[in-house]
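Let me begin by presenting the structure, written as structure tokens, before commenting on it.
In this text the structure is predicted, and so the values were computed from the model without any measurement.
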Amino acid sequence: MTDRAARDRSAGQNGDRAPRPRAWAAPVRAMTRILNADGSPRTPQPADPGRSGVVDCGLYVDGERQPGEWHYADALAAARQERNGFVWLGLHEPELDEMTAIAATFGLHELAVEDAVKAEQRPKLERFGEVVFLVLRTARYCEHTELTENSEVVETGQVMLFIGPNFLISVRHGDACRLSPVRADLEAKRDLLEHGPWAVAYAVTDRVVDLYLEVADRLEDDLDVLEADVFDRQSSGRIQRIYQMKRELVEFKRAVVPLQRPLLTLTSQVNREVPQEVRRYFRDVQDHLSRTVEQVNSYDDLLNSILQARLAQVTVDQNNDMRKIAAWAAIGAVWTAIAGIYGMNFENMPELKWTYGYPGIWAVNLGLSFVLYRWFRRNGWL
């Protein structure tokens, strides 16, 4: 029996017409077929049967979650039979084999699947046929009692969204932004959830940007502490802490700034695939992101100013040390000069036979040293 005949027979047994595969999903199906020696299609299994990246899978119809536990393939089939139904599949760090099986079911492009597994992407928005691939970088503030040169201030991760006509797949890497609270809050807003997968995309993006705002506010406190330490003369103000804060700020900036272009595309009037009502919500997220970008840029400028101020202080301190060394060297030169003159082995030298020559030399040395000390103190060298 050929593959086509087997598919026709399977469709007849189920009573439904077998869905026609999308042309742009062919690379993924081809990748799954080559795993069998006889060339027959099969679904790849995860490398570790005991570990699954699926966190939650829900079927939503008219803004309400349908009861029961759903396998993603069954949920997708049921969603396609409903006029206003979609699937939200949540994944956490899935393996390549499991992600490939999911891609074969939902018709995802192999390039997007590879990006979702590796999780080394900048924030971006791409289209693969009917599926939109949105990459977000998440951030979370790390609590610490004291800022040191080894302190981790910002923890980052990634969230990838596959947004299709009847589904949304969220792939989370790291623990910087958990999506279970987003799902719970969104399920309580039926009016918003009725807009389908793009409503979920908005809710996830809004949560990520809200965390940006929290991180930015907490970073401001750390910058205030650094600034106070730099201008506190009783504090050491080690420059390594400033460099560490600079590195953490750069990592946070890489997550925040590149997201502006994808959000601008989603809120554009020419973007017809995003519902108009959802675009209004995305514009609110864009406003919050713009505020965060302004904060991050101002923090970067402030940190550069703090770094320059600390470097200037180090230079001034070095100059002060050099002046103190030079002042004490000048005082010591008086003793060296007089001792050097009277240490010469000449027979005819004045005051050699003088009874009070020794105490006189001491008096001259001490007097000149006191005069030089007072003069250096008056000019701020000592």
Side-chain angles (χ1 to χ4, degrees), residues 63 88 121-127 132-141 153-163 168 170 172 174 176-224 248-304:
W88 181 0
Q121 302 299 313
R122 298 175 70 251
K124 63 179 180 178
L125 181 68
E126 293 182 341
R127 167 179 284 279
V132 176
F133 182 52
L134 176 62
V135 178
L136 307 170
R137 291 199 65 180
T138 58
R140 181 179 64 178
Y141 183 82
V153 181
V154 179
E155 177 188 357
T156 58
Q158 283 199 334
V159 170
M160 290 100 163
L161 302 179
F162 295 90
I163 309 164
L168 182 139
S170 59
R172 178 171 61 90
C177 177
R178 297 182 178 271
L179 299 182
S180 53
V182 179
R183 187 187 290 265
D185 293 341
L186 194 58
E187 288 177 354
K189 302 176 182 178
R190 178 178 177 180
D191 295 340
L192 179 59
L193 202 54
E194 285 180 348
H195 294 287
W198 282 106
V200 179
Y202 150 73
V204 174
T205 308
D206 183 59
R207 175 59 179 167
V208 171
V209 175
D210 285 345
L211 288 177
Y212 289 168
L213 291 173
E214 294 180 11
V215 173
D217 292 339
R218 300 297 297 276
L219 285 177
E220 186 175 6
D221 298 335
D222 287 334
L223 289 176
D224 291 340
E248 296 294 318
L249 185 61
V250 167
E251 183 179 0
F252 182 51
K253 192 173 182 179
R254 288 175 180 171
V256 175
V257 175
L259 186 57
Q260 294 180 101
R261 185 178 294 274
L263 280 184
L264 183 62
T265 303
L266 292 177
T267 57
S268 175
Q269 293 294 333
V270 298
N271 192 342
R272 300 301 180 186
E273 61 191 18
V274 181
Q276 183 176 359
E277 185 66 25
V278 179
R279 284 207 301 269
R280 296 192 182 99
Y281 286 99
F282 272 116
R283 277 194 289 270
D284 180 69
V285 176
Q286 187 181 21
D287 292 340
H288 293 170
L289 180 64
S290 299
R291 171 190 163 189
T292 307
V293 170
E294 292 176 358
Q295 284 182 289
V296 171
N297 290 332
S298 64
Y299 294 164
D300 196 13
D301 295 338
L302 178 59
L303 198 55
N304 289 333

### Query
So Glu277 and Arg280, salt bridge (Lys or Arg N to Asp or Glu O under 4.0 Å) or not? Walk me through it.
CA-CA 5 Å; Glu277 185 66 25; Arg280 296 192 182 99; 2.5 Å; yes

### Query
Is a donor on one side and an acceptor on the other found under 3.5 Å between the side chain of Tyr212 and the backbone of His288?
no

### Task
Could you name each residue pair satisfying side chain to side chain donor-acceptor pair (under 3.5 Å) that touches residues 248-267, not counting sequence neighbours?
Thr156-Glu251, Gln244-Glu248, Lys253-Asp300, Thr267-Gln286

### Query
Got Val285 and Tyr281 here, is their nearest side-chain heavy-atom distance under 4.5 Å?
no

### Summary
Output for pair (Leu302 CG, Asn297 CG), nearest 0.5 Å, gives 12.5 Å

### Query
Less than 4.5 Å apart, any side-chain heavy atom of Val274 and any of Tyr202?
no

### Task
Take Val200 and Leu193 through the test side chain to side chain contact (heavy atoms under 4.5 Å, CB included) and record every step on the way to the result.
CA-CA 7 Å; Val200 179; Leu193 202 54; 4.0 Å; yes

### Task
Report the C-alpha separation of Arg218 and Val153 in whole Å, then their side-chain angles, then the decisive distance to 0.1 Å, and conclude whether the side chain to side chain contact (heavy atoms under 4.5 Å, CB included) test is met.
CA-CA 9 Å; Arg218 300 297 297 276; Val153 181; over 6 Å; no

### Message
Let me confirm one number: the CG-OG1 distance from Leu259 to Thr292, rounded to the nearest 0.5 Å.
### Response
10.0 Å

### Task
Determine, stepwise, if the pair Asp221 / Tyr141 fulfils side chain to side chain donor-acceptor pair (under 3.5 Å).
CA-CA 12 Å; Asp221 298 335; Tyr141 183 82; over 6 Å; no

### Query
Got a sec, which pairs hit salt bridge (Lys or Arg N to Asp or Glu O under 4.0 Å) with one end in residues 185-206, sequence neighbours left out?
Glu64-Arg190, Arg65-Glu187, Arg190-Glu194

### From OG (Ser170) to CD1 (Ile163), nearest 0.5 Å
10.5 Å

### Message
Can you tell me if Arg122 has over 12 outside heavy atoms packed within less than 6.0 Å of its CZ?
### Response
no

### Task
Could you point out which residue of Val250, Leu249, Leu219 forms a side-chain contact (heavy atoms from CB on, under 4.5 Å) with Leu303?
Leu249

### Query
Taking side chain as C-beta onward, heavy atoms only, is Phe133 less than 4.5 Å from Lys124?
yes

### Message
Please identify which of these residues, Thr205, Leu211, Val209, meets the side-chain contact (heavy atoms from CB on, under 4.5 Å) condition with Arg207.
### Response
Leu211

### Query
So which heavy atom on Ala216 is nearest to which on Tyr299, and how close?
O-OH, 2.9 Å

### Query
Looking only at heavy atoms, which two atoms of Gln158 and Thr138 are closest? And how far apart?
N-OG1, 3.5 Å

### Task
Compare every heavy atom of Ala199 with every heavy atom of Leu186, then report the nearest pair and how far apart it is.
CD2-O, 4.1 Å

### Task
Kindly give the heavy-atom pair with the smallest separation between Pro258 and Pro262, and that separation in Å.
O-CD, 3.2 Å

### Query
Any idea which heavy atoms bring Leu168 and Ala201 closest together, and the distance?
CD1-N, 3.7 Å

### Query
Which heavy atom in Pro123 sits nearest to a heavy atom in Ala255, and how many Å separate them?
CG-O, 3.8 Å

### Query
Which distance, rounded to the nearest 0.5 Å, do you find between the OG of Ser290 and the CD of Gln295?
11.5 Å

